[in-house]
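These notes are about the structure you will find just below.
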Number of protein chains: 2
Amino acid sequence: MEHKIQPLLNYISKYIVLSKKDEAVLMSKLIYRKYLKGQYIAQQGDVCKYECFVISGCTKMFFADEEGQEHIVMFSIEDWWTADMGSFITQTPADYNVQCIENTELVLFSYDVIEELYTEIPQLERFFRKIIEKAFVASQKRIVRSFSLSAKDRYLYFRNQYPKIEQRIPQYMIASYLGITKEFLSKIKGQLIIDQ
Amino acid sequence: MEHKIQPLLNYISKYIVLSKKDEAVLMSKLIYRKYLKGQYIAQQGDVCKYECFVISGCTKMFFADEEGQEHIVMFSIEDWWTADMGSFITQTPADYNVQCIENTELVLFSYDVIEELYTEIPQLERFFRKIIEKAFVASQKRIVRSFSLSAKDRYLYFRNQYPKIEQRIPQYMIASYLGITKEFLSKIKGQLIIDQ
DNA sequence: AAATGATGTTAATCTAGTTTAACTTTTACT
DNA sequence: AGTAAAAGTTAAACTAGATTAACATCATTT
């Protein structure tokens, strides 16, 4: 299993230095799991049991509104996280679904394990603080963009910021992430081609 | 100074238990400061030096876009935080301004002090992790509302969630926070009165 | 009390983005 | 290869919300 979660260890080492012993403790408590395209990792209404680190593949987190419309909140690819954090930290039913868009390899941190780990390896508290700080900043910037940019500019920003993601994901999901209809995104793309 | 920052100590005690000694260390490193209505706590372009805990009063965090339009990202009242976290954690120029809407009392955590505190009182790492987890969850829920609710429903949600804030803040700022014009908010309120 | 500036309202016109619906292209399955 | 399903396009009619502009109210200062 060691080599499979190596990307996670590399990722952690960017934030904190762990001893070999700590790494061993960590590895002994984590779950490595493969999912197929289309498979659900977590479901709206269930308590979110895991924080998930993506080793490979791609996931979307979304919810269905009263009319059954799907709204995508985030995508996650290699070296990023996914989970309904609200449900995870309060251990109450989730607002969101997490589903694989590609075959995906994950490392799962269960709620109980992560609490144990905070005690056994106090540095992980710092690690997760920093990760969440970054996620919070990104989230707030997204709010700002959603209010101050037009749909076209939000799309251009997305394309520029996540060129790798755009290739891998159907357009209608990108539209959902941007908060517009797939028809309007199609129109925007057509317009951009005309403008060259 | 002790009694002035008591609300902060009470707030912290909801998340972690600090010894009297730790409390004394903490207090010795914090800055208590009063601001007048209209005064700026932080400015777009400057590096954000402090994380601020609000003892009393009210602040807004906002940015001015290219056309000079003001967009309000968040309000903060008693027992909440304010700062451009992105600027604070990276110590790079801020995207946002923070300004007092009322006379305001703050407790300031400077960047250097907070790093020292994480080392001297490791429990604070946990405390801030939990605070930021909550802030991140709230931020993500706001994204969801901005995409899935109409302006009217966002206003109703705001009014319901923050009844105390609504009383204290001019309507045009609430419109800015909701991502709509003051004229349209006025129309929504008129409509709500007719519907009763 | 008058005057200034900040805040809030109303209404007409305009536009970014939605809805509906028909059609085309691509992908995946037998 | 042939077919069905999924994904993407186009265009017309519509709507939520913006813009502009004129006016009303309220608070603060002189």
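Since this is a predicted model, take the numbers as computed values, not measurements.
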Assess, by modelled atom type and distance only, whether the side chains of [X] and [Y] contain a donor and an acceptor separated by less than 3.5 Å.
X	Y	value
B:E105	B:Y32	yes
B:Y157	B:K152	no
A:Y35	A:E102	no

Rounded off to whole Å, could you give me the [atom1]-to-[atom2] distance for the [X] and [N] pair?
X	N	atom1	atom2	result
A:Q191	D:dT9	CD	P	14 Å
B:K187	D:dT15	NZ	P	13 Å
B:L149	D:dG17	CG	P	10 Å
A:K189	D:dT9	NZ	P	6 Å

When the side chains of residues 59-67 of chain A are checked against the rest of the protein, which donor-acceptor pairs come out under 3.5 Å, sequence neighbours left out?
from	atom 1	to	atom 2	distance (Å)
A:K60	NZ	A:E70	OE2	2.7
A:D65	OD1	A:E67	N	3.0
A:D65	OD1	A:G68	N	3.2
A:D65	OD1	A:Q69	N	2.9
A:D65	OD2	A:H71	NE2	2.8

task: Identify the residue among A:F127, A:Y50, A:F128 that makes a ring-ring contact (aromatic ring centres under 6.0 Å, His included) with A:F109.
output: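 Going through A:F127, A:Y50, A:F128 one by one, the ring-ring contact (aromatic ring centres under 6.0 Å, His included) with A:F109 is satisfied by A:F128 alone.
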- prompt: Can you list the steps and then say if B:E23 with B:K20 is a salt bridge (charged side-chain N to carboxylate O under 4.0 Å, His left out)?
  reply: CA-CA 5 Å; B:E23 280 193 357; B:K20 282 288 159 202; 3.6 Å; yes
query: So which of residues 59-74 of chain B are in contact with DNA chain D, with a heavy-atom cut-off of under 4.0 Å?
result: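 Output list: empty, so none.
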message: Distance to the ring centre below 6.0 angstrom and angle to the axis at most 45 degrees; does that hold for A:R142 and A:F147?
response: no
task: For DNA chain C, find the residues of residues 163-185 of chain A with a heavy-atom distance under 4.0 Å and give them by number; none if there aren't any.
output: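 Those residues are A:G179, A:I180, A:T181, A:E183, A:F184.
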Distance-only criterion, 3.5 Å: show the donor-acceptor pairs between side-chain atoms of residues 112-122 of chain A and protein atoms not counting sequence neighbours.
from	atom 1	to	atom 2	distance (Å)
A:E116	OE1	A:K29	NZ	2.4
A:T119	OG1	A:E115	O	3.4
A:E120	OE2	A:K29	NZ	2.6

When the side chains of residues 72-86 of chain A are checked against the rest of the protein, which donor-acceptor pairs come out under 3.5 Å, sequence neighbours left out?
from	atom 1	to	atom 2	distance (Å)
A:S76	OG	A:W81	O	2.7
A:E78	OE1	A:R168	NH1	3.2
A:E78	OE2	A:G57	N	3.2
A:E78	OE2	A:R168	NH2	3.0
A:W81	NE1	A:Y11	OH	3.2
A:D84	OD1	A:G86	N	3.1
A:D84	OD1	A:S87	N	3.1
A:D84	OD2	A:D95	N	2.9
A:D84	OD2	A:Y96	N	3.4

query: Where along nucleotides 23-30 of chain C does protein come under 4.0 Å, by heavy atom, of base (B) or sugar-phosphate alone (S), with - for untouched nucleotides?
result: --------
- prompt: Would B:R129 and B:E125 count as a salt bridge (charged side-chain N to carboxylate O under 4.0 Å, His left out) if you check the C-alpha gap in whole Å, the side-chain angles of each, and the deciding distance to 0.1 Å?
  reply: CA-CA 6 Å; B:R129 173 178 60 78; B:E125 200 104 49; over 6 Å; no
